[in-house]
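Take this structure, written in structure tokens, and hold onto it; I'll ask about it next.
Predicted, not measured: the structure shown is a model, and the values here were computed from it.
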Amino acid sequence: MAALTKARLVPVKGESEGLTRLVPVAASTTIYNGALVMLNSSGYATPAAAAGTNNALVVAGIAEETVDNSAGSAGDLYVRVKACSSDTAFGFNNHGSATCTIADVGKLAHASDDNTVANAASGTTRPLVGHIHSIDDDGLVYVTALGRYLG
């Protein structure tokens, strides 16, 4: 899959509850509603992505709004980020080659971009998202424990 170019509605299993927090957005960054949001090494929100040593970064949750800080400096704008409650699972696209299967339920999911999860960390590039809850008939992967640090 490819990174988001517009807002998306996030499929939810269970109650759509969870902690919400405002997080400062990185410079020259646009985060779309429904995107997986990670915190970069300086603590600013960016769309989740597989690159470099991103496996050391924290996925904070999903964006509840679109924020365009493409012309701004780090921290000029904030994005509202929602984490999962214990009874919530959010749905994301399944990675093509590191596909999550029923055998991966209960195992860890890693972000390959801001709306796609994989069943492997791919070395040091993919940040941890949470635990695989289920996979629906359309191939969407539902993930729990997303952003628990926000508490």
Side-chain angles (χ1 to χ4, degrees), residues 1-14 16-84 88-101 104 108-147 149-150:
M1 290 286 152
L4 292 175
T5 57
K6 62 181 181 178
R8 75 182 275 261
L9 292 176
V10 178
V12 178
K13 285 189 177 179
S16 182
E17 296 178 357
L19 298 171
T20 301
R21 180 174 153 192
L22 288 173
V23 181
V25 178
S28 306
T29 300
T30 298
I31 298 175
Y32 293 100
N33 182 71
L36 279 167
V37 176
M38 69 180 189
L39 304 182
N40 67 19
S41 59
S42 299
Y44 293 100
T46 65
T53 56
N54 281 357
N55 68 318
L57 302 178
V58 174
V59 172
I62 58 168
E64 287 199 308
E65 60 191 341
T66 296
V67 175
D68 183 354
N69 197 32
S70 58
S73 298
D76 280 356
L77 298 176
Y78 286 74
V79 63
R80 185 173 293 110
V81 177
K82 183 180 222 172
C84 284
T88 305
F90 293 125
F92 302 99
N93 291 319
N94 205 340
H95 192 276
S97 59
T99 304
C100 300
T101 68
D104 295 313
L108 298 175
H110 301 267
S112 60
D113 61 40
D114 59 357
N115 71 342
T116 308
V117 295
N119 69 357
S122 188
T124 62
T125 65
R126 294 184 189 134
L128 177 65
V129 177
H131 291 91
I132 298 169
H133 171 274
S134 58
I135 300 161
D136 72 11
D137 292 338
D138 294 329
L140 283 180
V141 179
Y142 286 83
V143 179
T144 62
L146 178 68
Y149 93 97
L150 287 176

**Report entry** Atom pair CG/CZ of Asn93 and Arg8 - distance to nearest 0.5 Å
**Finding:**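 It is 6.0 Å, given to the nearest 0.5 Å.
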Query raised in the report: Would Val143 and His133 satisfy side-chain contact (heavy atoms from CB on, under 4.5 Å), going step by step from the backbone distance to the final call?
Result: CA-CA 5 Å; Val143 179; His133 171 274; over 6 Å; no
Requested in this report: State, with a plain yes or no, whether a side-chain heavy atom of Thr20 is found less than 4.5 Å away from one of Glu64.
Outcome: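 A side-chain contact exists here, since the closest heavy-atom pair is under 4.5 Å.
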Requested in this report: Taking the side chain as every heavy atom from C-beta outward, state whether Arg21 and Val81 have any pair of such atoms under 4.5 Å apart.
Outcome: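 SC-SC contact between Arg21 and Val81 ruled out.
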Report task. Would you sort out whether Val23 and Tyr78 count as a side-chain contact (heavy atoms from CB on, under 4.5 Å), showing the intermediate values? Result -> CA-CA 5 Å; Val23 181; Tyr78 286 74; 5.6 Å; no
Requested in this report: List the steps and the verdict of side-chain contact (heavy atoms from CB on, under 4.5 Å) for Tyr142 and Thr88.
Outcome: CA-CA 9 Å; Tyr142 286 83; Thr88 305; over 6 Å; no
Report task. List the steps, then state whether side-chain contact (heavy atoms from CB on, under 4.5 Å) holds for Val117 with Leu36. Result -> CA-CA 10 Å; Val117 295; Leu36 279 167; 4.1 Å; yes
Query - OG1 on Thr5 to CG on Asn115, rounded to 0.5 Å - result: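 Going from the CG atom of Asn115 to the OG1 atom of Thr5 covers 9.0 Å.
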Query raised in the report: What are the two closest heavy atoms between Pro11 and Leu9, and how far apart are they?
Result: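 In this case the closest contact between Pro11 and Leu9 is CD-O, 3.4 Å.
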Query raised in the report: Which side-chain hydrogen bond (donor to acceptor under 3.5 Å, both in side chains) pairs, counting each pair once, include a residue from residues 37-63, with sequence neighbours left out?
Result: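 Residue pairs with at least one partner in residues 37-63: there are none.
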Requested in this report: Could you name each residue pair satisfying side-chain hydrogen bond (donor to acceptor under 3.5 Å, both in side chains) that touches residues 23-36, not counting sequence neighbours?
Outcome: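 The answer is Thr30-Asp68.
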Query raised in the report: Got a second to check how far Leu140's CG is from Cys100's SG, nearest 0.5 Å?
Result: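 Answer for the CG-SG pair, Leu140 versus Cys100, is 11.0 Å.
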Query raised in the report: Which atom pair, heavy atoms only, marks the closest approach of Gly75 to Pro24?
Result: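 Minimum heavy-atom contact is CA-CB, 3.9 Å.
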Query raised in the report: Shortest non-hydrogen contact from Val79 to Ala63?
Result: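 Closest approach of Val79 to Ala63, heavy atoms only: CG2-CB, 4.0 Å.
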Solution key, residues 118-129 side-chain donor-acceptor pairs under 3.5 Å, sequence neighbours excluded:
unit_1 : atom_1 : unit_2 : atom_2 : d
Asn119 : ND2    : Thr99  : O      : 2.9
Asn119 : ND2    : Asp104 : OD2    : 3.3
Thr124 : OG1    : Gly52  : O      : 2.9
Thr125 : OG1    : Ser122 : O      : 3.0
Arg126 : NH1    : Ala120 : O      : 2.8
Arg126 : NH2    : His95  : NE2    : 3.4

Report task. Check Leu22 against Glu65 and note the closest heavy-atom contact, atom names and distance. Result ->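 Looks like CD2-OE2, 4.4 Å.
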**Report entry** SG-NE2 distance between Cys84 and His131, expressed to the nearest 0.5 angstrom
**Finding:**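 Answer rounded to 0.5 Å: 12.0 Å.
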**Report entry** Distance-only donor-acceptor check, side chains Ser134 and Lys13, under 3.5 Å
**Finding:**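 Lys13 and Ser134 do have a side-chain donor-acceptor pair below 3.5 Å.
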Query raised in the report: Out of curiosity, Ile31 CD1 to Thr66 OG1, how far, rounded to the nearest 0.5 Å?
Result: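 Answer for the CD1-OG1 pair, Ile31 versus Thr66, is 9.5 Å.
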Query raised in the report: How close do Ala111 and Ala50 get, heavy atom to heavy atom, and via which atoms?
Result: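 Closest approach of Ala111 to Ala50: O-CB, 4.1 Å.
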Query raised in the report: Do you know which two heavy atoms are closest between Ile132 and Ala109, and how far apart they sit?
Result: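 Looking at all heavy atoms of both residues, the closest pair is CG1-CB, 3.7 Å.
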